[in-house]
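In what follows, a single structure is set out as structure tokens and then discussed.
A quick note: this is a predicted structure, and the numbers were derived from the prediction, not measured. This chain uses plain numbering: 1 for the first residue, then up along the sequence.
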Amino acid sequence: MKKIIITIDGWSSCGKSTLAKQLAKTLGYVYIDSGAMYRAVTLYFLRNHIDWTDKKEVQAALKEVHLDFRVNEKTEVSEIYLNDENVEYVIRDLVIAEKVSDIAAIKEVRTFAVAQQHKLGAKKGIVMDGRDIGTVVFPKAELKIFMTADSAVRVERRFKELYEKNPNVTIEEIKNNLEMRDYIDSNREESPLRKADDAILLDSTHLTEEQQLLKALAWAKERIKGK
């Protein structure tokens, strides 16, 4: 059975990562979280006090950043490592979320990440989610999905996710963070967030995780069969 590349782009907190993980697991594909790559770079920059407005400092810092994904044997899901440290959970902090869109908008950072993503997708059989995967990273992907959802639903989902880790977080903080990220992601010069012309729109507002998966799985099977 031939393997394909599946891209899932869309706004923050639409359920992209959840769908991508489930789809990859069901198909026996490798899941690659492109957002985690940008979050890991952001973590490195913050930890090492990198001035990301300084092009030379950014270029020098990126030479010290080594990213890879390793499958967690218990969950069977790939997790990101930064310089051999598992940072899968550290990078989900709101502090990272507040800075990641700024750092992901830097040309040198995007060039660095896209080069790594191309290597990961060379053998196909991957599901990758992000902002520009179907438009820039893999414009010839066999299946492209673009996810969206009502903004209030997205805020609620994100709040539930972060509240478990930080009970002090507020709905207002989450709402402001999502609005800021939406604006930066869709207005940046380098690879702005947009729906690819040949992407299928998936509105997750009123769908359960299982319903999302069934829809995406049907589309994937069609592409795998070559229809």
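When the shell of 6.0 Å around NZ of Lys99 is examined, it contains 12 or fewer heavy atoms from other residues, nucleotides or ligands. By the 6.0 Å contact criterion, CG on Asp197 is open, its count of non-hydrogen atoms from other residues, nucleotides or ligands being 12 or less.
Leu62 is connected to Val114 through a chain of hydrophobic side-chain contacts under 4.5 Å among Ile, Leu, Val, Met, Phe, Trp and Tyr, so both are in one cluster. Clustering ILVMFWY residues whenever any of their side-chain heavy atoms sit less than 4.5 angstrom apart, transitively, puts Ile32 in a cluster other than the one holding Ile4. Residues Val136 and Val109 fall into different hydrophobic clusters, defined by Ile, Leu, Val, Met, Phe, Trp and Tyr side chains chained together at heavy-atom separations under 4.5 Å. Two different hydrophobic clusters hold Val100 and Leu94 under the rule that ILVMFWY side chains link at heavy-atom gaps under 4.5 Å. Linking Ile, Leu, Val, Met, Phe, Trp and Tyr residues whenever their side-chain heavy atoms come within less than 4.5 Å leaves Trp11 and Ile174 in two separate clusters.
Side chain of Asn177 to main chain of Glu173: no donor-acceptor pair is present (N/O by atom type, distance under 3.5 Å, no hydrogens or angles). No donor-acceptor pair under 3.5 Å is formed between the side chain of Asn48 and the backbone N or O of Ile50. For Lys144 (side chain) and Gly134 (main-chain N/O), a donor-acceptor pair under 3.5 Å exists by modelled atom type. Checking side-chain atoms of Arg39 against main-chain N and O of Ile91 turns up a donor-acceptor pair under 3.5 Å. Under a 3.5 Å cut-off, the side chain of Asn166 and the backbone N or O of Leu162 do not form any donor-acceptor pair. With Glu88 contributing its side chain and Ile80 its backbone, the two residues share a donor-acceptor pair below 3.5 Å. A donor-acceptor pair is defined here as one N or O able to donate and one able to accept, closer than 3.5 Å; such a pair exists between the side chain of Asp9 and the backbone of Ile133. No donor-acceptor pair closer than 3.5 Å links the side chain of Tyr29 to the backbone N or O of Ile5. Not one N or O on the side chain of Lys107 forms a donor-acceptor pair closer than 3.5 Å with the backbone of Thr111. A distance-only check finds no donor-acceptor pair linking the side chain of Asp185 to the backbone of Pro192 [under 3.5 Å].
Side-chain contact of Ser12 with Arg131: a donor-acceptor pair under 3.5 Å is present, judged by distance alone. Defined by atom type and a distance below 3.5 Å, a donor-acceptor pair is present between the side-chain atoms of Tyr89 and Glu79. With hydrogens and angles left out, the side-chain atoms of Asp203 and Thr148 include no donor and acceptor closer than 3.5 Å.
For Ala152 against Asp150, the heavy-atom pair with the smallest separation is N-OD2, 3.0 Å. Of all non-hydrogen atoms in Ala97 and Met180, the two that sit nearest each other are O-CE, 4.5 Å. Shown here for Tyr31 and Ala20, the closest heavy-atom pair between the two residues is CE1-CB, 3.3 Å. Among all heavy-atom pairs drawn from Leu178 and Ser13, the shortest one is CD2-OG, 3.9 Å. Here the shortest heavy-atom pairing between Ala220 and Ile6 reads CB-CD1, 4.0 Å. Residues Asp51 and Val58 share a closest heavy-atom pair of O-CG2, 4.0 Å.
Aromatic rings of Tyr81 and His66 (six-membered ring for Trp) have centroids beyond the 6.0 Å cut-off, not under it.
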Could you list the donor-acceptor pairs under 3.5 angstrom formed by side chains in residues 40-47, with sequence neighbours left out?
from, atom 1, to, atom 2, distance (Å)
Thr42, OG1, Tyr38, O, 2.8
Arg47, NH1, Glu85, OE1, 2.9
Arg47, NH2, Glu85, OE2, 3.2

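No side-chain heavy atom of Phe146 sits less than 4.5 Å from a side-chain heavy atom of Ile200. Contact of the Met128 side chain with the Ile8 side chain is not registered, since no non-hydrogen atoms from C-beta on lie closer than 4.5 Å. A 4.5 Å side-chain heavy-atom check between Arg110 and Arg188 finds at least one atom pair inside the cut-off. Between Asp84 and Arg70, some side-chain heavy-atom pair lies under the 4.5 Å cut-off. A heavy-atom distance below 4.5 Å is found between the side chains of Asn176 and Glu179. Taking the side chain as every heavy atom from C-beta outward, Leu213 and Thr26 approach each other to under 4.5 Å. Taking 4.5 Å as the limit, some side-chain heavy atom of Phe69 sits within range of a side-chain heavy atom of Asp33. At least one side-chain heavy atom of Leu143 sits under 4.5 Å from a side-chain heavy atom of Ile145.
In this view, Ser204 and Arg157 satisfy the side-chain hydrogen bond (donor to acceptor under 3.5 Å, both in side chains) rule, not counting sequence neighbours.
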(request) Dump the intermediate steps for side-chain contact (heavy atoms from CB on, under 4.5 Å) on Leu19 and Asp129, then the final yes or no. (result) CA-CA 9 Å; Leu19 176 60; Asp129 70 311; over 6 Å; no
(request) Verify salt bridge (Lys or Arg N to Asp or Glu O under 4.0 Å) between Glu161 and Arg158, making sure each step is shown before the conclusion. (result) CA-CA 5 Å; Glu161 179 189 343; Arg158 186 76 175 135; 3.1 Å; yes
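If you take CZ on Phe159 and CD on Glu172, they are separated by 11.5 Å, rounding to the nearest 0.5 Å. Once rounded to the nearest 0.5 Å, the distance linking NE2 of His49 with CD of Glu57 reads 11.0 Å.
When Lys3, Lys124, Lys2, Lys221 are each tested for a salt bridge (charged side-chain N to carboxylate O under 4.0 Å, His left out) with Glu142, only one passes: Lys124.
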